[in-house]
**Q** 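Please find one structure pasted underneath; my questions will follow.
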Amino acid sequence: MLKNILQYLENTAARVPEKMAFSDGERQLTHGETLTLARRLGSFLAEKGYAHEPVMLLLDRSPEAVAATFGVIYSGCYYVVLDTDMPAARMGQIIDTMKARALVCDEKNSKKANGLVENGLFTGEILSWETAKNTEEDGDVLDRIRRGQIDTDPIYVVFTSGSTGVPKGVAACHRSVIDYTEALCEVLPFSEDTVFANQTPLYFDAPLKEIMPTLKYGATVYLVPKKLFMFPVKLCEFLNEHRINTICWVVSALTMISALGALDKTPPKYLTTICFGSEVFPRPQYDLWRAAYPGAKFFNLYGPTEATGMSCYWPVRDLAPDEPIPVGYPFNNTRILLLTDDGKEAAAGEVGEIHMQGTCVTLGYFANPEKTSEAFVQNPLNPYYPELIYRTGDLGRYNERGELVFISRRDAQIKHMGHRIELGEIEATASAVEGVGQCCCVYDNTGKRIVLYYVGTVEPKEVSKALREKLPRYMLPALCETLTAMPRTPNGKLDRKGLRERAERGE
């Protein structure tokens, strides 16, 4: 019986210790080496007295960074990966939420870590990864920790955008990740021969869809260098050089390749499984990929971080020209509830809000009971005993085939460049810029860009500069535009719809 995700690593390392597990094209770790490094970090943290608490990781994205996440779990703690390119102010928000006592960093990022201390953003202990990975493992201590672990212990906290301007940390446990891994591998054609190309940063939950099957089967993951996603031909060359046969990427990464003609110039030659998600795939680009790989298996994957990443899958079939791409069916042991505003199940063809039910539902938002109670709610169809479900905020309906189809968001949350973003967080940050009065952030669905409108005395370029110091790159508006006055609806409210239409007209 699996109750701890480390069992995947241990079982596979015992079976294929010399097989490569993780690589970035230059550095690599076998399954056996991954296990060794993880156990060393676990021993190191335990010796320092850390247990049942968050440990932050500030490491360059690399095979060793992957091993470090498992090392934190070996110590009985749970990991929080910090983006090394994240502005210090945002790191400070995450640190303030977590109240972590320990931060593990590599030598390259030690200056950033020390800067957090010098600026009063972190008051805990900075630990050297180089020291930790050379520590002798203590098997007796690790065995004692394992005996005390249960499947509802948290293993990570990943942060999503928050509507108040403060990011929210989603906590997940062993049980939900094991359930996710088994369900994902049940419907997708992964095996020991799978060679993944990882596109998503390690500070999100999305890499689980490559990392966990790799541990389960003894497969291989290449961590694609971030810079390659700016050069589609070089990206395709990387895929060919390493004989990548499986990608599970956000739609924007796939469309970059097809829209710029790389499928014609240097097509990836070895792809047999192509999974996409996080955004709606534009039909022209979707059709290009389907035509380029008629023999490959395609899957649309859908699900929120609060339900352990992916919760639904759709094996691609032929679609009518104007037919929307479905998100399909729930994973095994996951139930989709499509509920109307009055808490009733939506009728056939009726639009309702998508709710997730089952082991996939995570533990909630870390140190944020108010937001947790808003999103993790009692099942309105069950008045008899406590049963939490997760409100996704996504609207959907079932088509004639019984496939779930995503319609839209019911709030101001968007999916952009593969990331889930609360426009309210951008507004909250922009409102704090000196010289900015009222502001409104909208998403231009035509141009696939974020646009910020504001009333104020500061120049747009200064607003953009201030936002770059506070927000991750993927949240930055493509356009900041000043207005003499904000448009209003007849009842006096801010006319967000009008501003969105203005952005889509390119005005």
Side-chain angles (χ1 to χ4, degrees), residues 2 4-39 41 57 59 61-74 79 81 155-156 158 172 174 176-225 238-239 241-250 253 268 270-275 277 297 299 301 308-310 313 331:
L2 286 175
N4 189 304
I5 69 164
L6 297 174
Q7 290 174 265
Y8 287 118
L9 174 58
E10 292 160 353
N11 293 341
T12 296
R15 183 171 55 83
V16 286
E18 301 302 322
K19 187 171 183 220
M20 187 173 72
F22 305 104
S23 174
D24 59 9
E26 296 180 1
R27 299 160 293 184
Q28 66 182 51
L29 288 177
T30 65
H31 287 278
E33 290 168 338
T34 302
L35 176 65
T36 296
L37 286 181
R39 289 178 66 85
L41 177 58
L57 299 174
L59 306 166
R61 179 168 166 266
S62 67
E64 289 193 354
V66 178
T69 63
F70 301 122
V72 173
I73 299 170
Y74 263 111
Y79 66 86
V81 176
I155 55 177
Y156 66 74
V158 297
H174 289 276
S176 64
V177 174
I178 290 170
D179 189 69
Y180 165 80
T181 303
E182 294 300 311
L184 182 73
C185 293
E186 186 177 290
V187 296
L188 298 182
F190 301 151
S191 71
E192 185 176 330
D193 297 325
T194 298
V195 183
F196 290 101
N198 163 259
Q199 168 255 328
T200 317
L202 299 178
Y203 52 86
F204 288 114
D205 62 304
L208 291 176
K209 63 185 179 296
E210 294 123 1
I211 291 174
M212 294 311 300
T214 291
L215 297 189
K216 175 180 171 67
Y217 290 115
T220 298
V221 178
Y222 280 88
L223 307 172
V224 183
F238 182 93
L239 299 184
E241 178 185 355
H242 300 292
R243 305 177 72 91
I244 304 298
N245 57 34
T246 302
I247 55 176
C248 301
W249 288 359
V250 297
Y270 303 99
L271 291 180
T272 58
T273 302
I274 301 169
C275 305
K297 295 181 178 179
F299 297 87
L301 300 177
T308 323
M310 297 299 175
Y313 71 102
F331 283 171

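Residue numbers run from 1 in the order of the sequence given.
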**Q** So which atom in Leu59 and which in Ala65 form the shortest heavy-atom distance, rounded to 0.1 Å?
**A**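 Shortest heavy-atom contact: CD1-CA, 3.9 Å.
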
**Q** Who passes side chain to side chain contact (heavy atoms under 4.5 Å, CB included) against Lys19, sequence neighbours left out?
**A**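 Lys19 satisfies side chain to side chain contact (heavy atoms under 4.5 Å, CB included) with Val16, His31, Glu192, Thr220 only.
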
**Q** For the residue pair Ala197 and Leu239, what are the closest heavy atoms and their distance?
**A**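 Closest heavy-atom pair between Ala197 and Leu239: CB-CD2, 3.7 Å.
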
**Q** Closest approach of Asp205 and Thr308, non-hydrogen atoms and distance?
**A**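 Closest approach of Asp205 to Thr308: OD2-C, 4.0 Å.
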
**Q** So which heavy atom on Arg27 is nearest to which on Pro63, and how close?
**A**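 Minimum heavy-atom contact is O-CG, 3.5 Å.
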
**Q** Working to the nearest 0.5 angstrom, can you tell me the gap between Lys209 NZ and Thr214 OG1?
**A**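 Here the rounded value is 11.5 Å.
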
**Q** Verify, without hydrogens or angle tests, whether Gln199 (side chain) and Val250 (backbone) share a donor-acceptor contact under 3.5 angstrom.
**A**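 Yes; at least one donor-acceptor contact below 3.5 Å.
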
**Q** Compare all side-chain heavy atoms of Tyr74 with those of Leu41 and state whether any distance is below 4.5 angstrom.
**A**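 Heavy-atom side-chain distance check fails, nothing below 4.5 Å.
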
**Q** Is any side-chain heavy atom of Lys297 closer than 4.5 Å to one of Thr272?
**A**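 When only atoms from C-beta onward are counted, Lys297 and Thr272 do not touch, as no gap falls below 4.5 Å.
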
**Q** Can you list the steps and then say if Val158 with Val81 is a side chain to side chain contact (heavy atoms under 4.5 Å, CB included)?
**A** CA-CA 7 Å; Val158 297; Val81 176; over 6 Å; no

**Q** Heavy atoms, side chains only, cut-off 4.5 Å: are Asn198 and Val224 in contact?
**A**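 Of all side-chain heavy-atom pairs linking Val224 with Asn198, none is under 4.5 Å.
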
**Q** Once you round to the nearest 0.5 Å, how far does CH2 of Trp249 lie from CD1 of Ile274?
**A**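 Interatomic distance, Trp249 CH2 to Ile274 CD1, rounded to 0.5 Å: 9.5 Å.
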
**Q** Can you tell me how far OG of Ser176 sits from CD1 of Ile5, rounded to the nearest 0.5 angstrom?
**A**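 Separation between the atoms: 9.5 Å.
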
**Q** Do Leu37 and Leu29 pass the side chain to side chain contact (heavy atoms under 4.5 Å, CB included) test, and can you show the C-alpha distance, the side-chain angles, and the key distance before you say yes or no?
**A** CA-CA 10 Å; Leu37 286 181; Leu29 288 177; 3.8 Å; yes

**Q** To the nearest 0.5 Å, tell me how far Asn4 CG sits from His174 NE2.
**A**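 Those atoms lie 4.0 Å apart.
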
**Q** Salt bridge (Lys or Arg N to Asp or Glu O under 4.0 Å) with Lys216: which residues, sequence neighbours excluded?
**A**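 Here the qualifying residues are Glu182.
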
**Q** Compare every heavy atom of Glu210 with every heavy atom of Val221, then report the nearest pair and how far apart it is.
**A**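 So the two residues come closest at CG2-O, 3.6 Å.
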
**Q** Which distance, rounded to the nearest 0.5 Å, do you find between the SG of Cys275 and the CG of Leu188?
**A**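 Taking SG in Cys275 and CG in Leu188, the distance rounds to 5.0 Å.
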
**Q** For a quick test of reading the model, state the closest non-hydrogen atom pair linking Leu202 to Pro207 and the distance between them.
**A**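 Taking Leu202 first and Pro207 second, the nearest heavy atoms are CA-CG, 4.0 Å.
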
**Q** Who are the ring pair (Phe, Tyr, Trp, His ring centres under 6.0 Å) partners of Tyr79, not counting sequence neighbours?
**A**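 Partners of Tyr79 under the ring pair (Phe, Tyr, Trp, His ring centres under 6.0 Å) test: Tyr156.
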
**Q** Here's a test for you: under ring pair (Phe, Tyr, Trp, His ring centres under 6.0 Å), which of Tyr222, Phe190, Tyr270, Phe22 qualifies with Phe196?
**A**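 That would be Phe190; it is the only one of Tyr222, Phe190, Tyr270, Phe22 passing the ring pair (Phe, Tyr, Trp, His ring centres under 6.0 Å) with Phe196.
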
**Q** Can you tell me how far the CG atom of Asn245 sits from the CG atom of Asp193, to the nearest 0.5 Å?
**A**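 One finds 8.0 Å between CG of Asn245 and CG of Asp193.
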
**Q** Go through it in stages, so that I can follow the logic: the residues are Tyr217 and Thr194, the test is side chain to side chain contact (heavy atoms under 4.5 Å, CB included), and I'd like the CA-CA distance, side-chain angles, deciding distance and then a yes or no.
**A** CA-CA 9 Å; Tyr217 290 115; Thr194 298; over 6 Å; no

**Q** Would you confirm whether Thr12, through its side chain, and Leu9, through its main-chain N or O, come within 3.5 Å as a donor-acceptor pair?
**A**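 No, the answer is negative, given that no donor and acceptor are paired below the 3.5 Å cut-off.
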
**Q** Mark yes or no for whether Arg61, through its side chain, and Asp24, through its backbone, hold a donor-acceptor pair below 3.5 Å.
**A**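 Looks like no, no N/O pair under 3.5 Å.
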
**Q** How far apart are the C-alpha atoms of Val195 and Arg243, what are their side-chain angles, what is the distance that settles it, and do they pass the side chain to side chain contact (heavy atoms under 4.5 Å, CB included) test?
**A** CA-CA 7 Å; Val195 183; Arg243 305 177 72 91; 5.8 Å; no

**Q** Per the side-chain contact (heavy atoms from CB on, under 4.5 Å) rule, which among Val177, Leu184, Asp179 passes with Thr181?
**A**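 Option passing the side-chain contact (heavy atoms from CB on, under 4.5 Å) with Thr181: Val177.
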
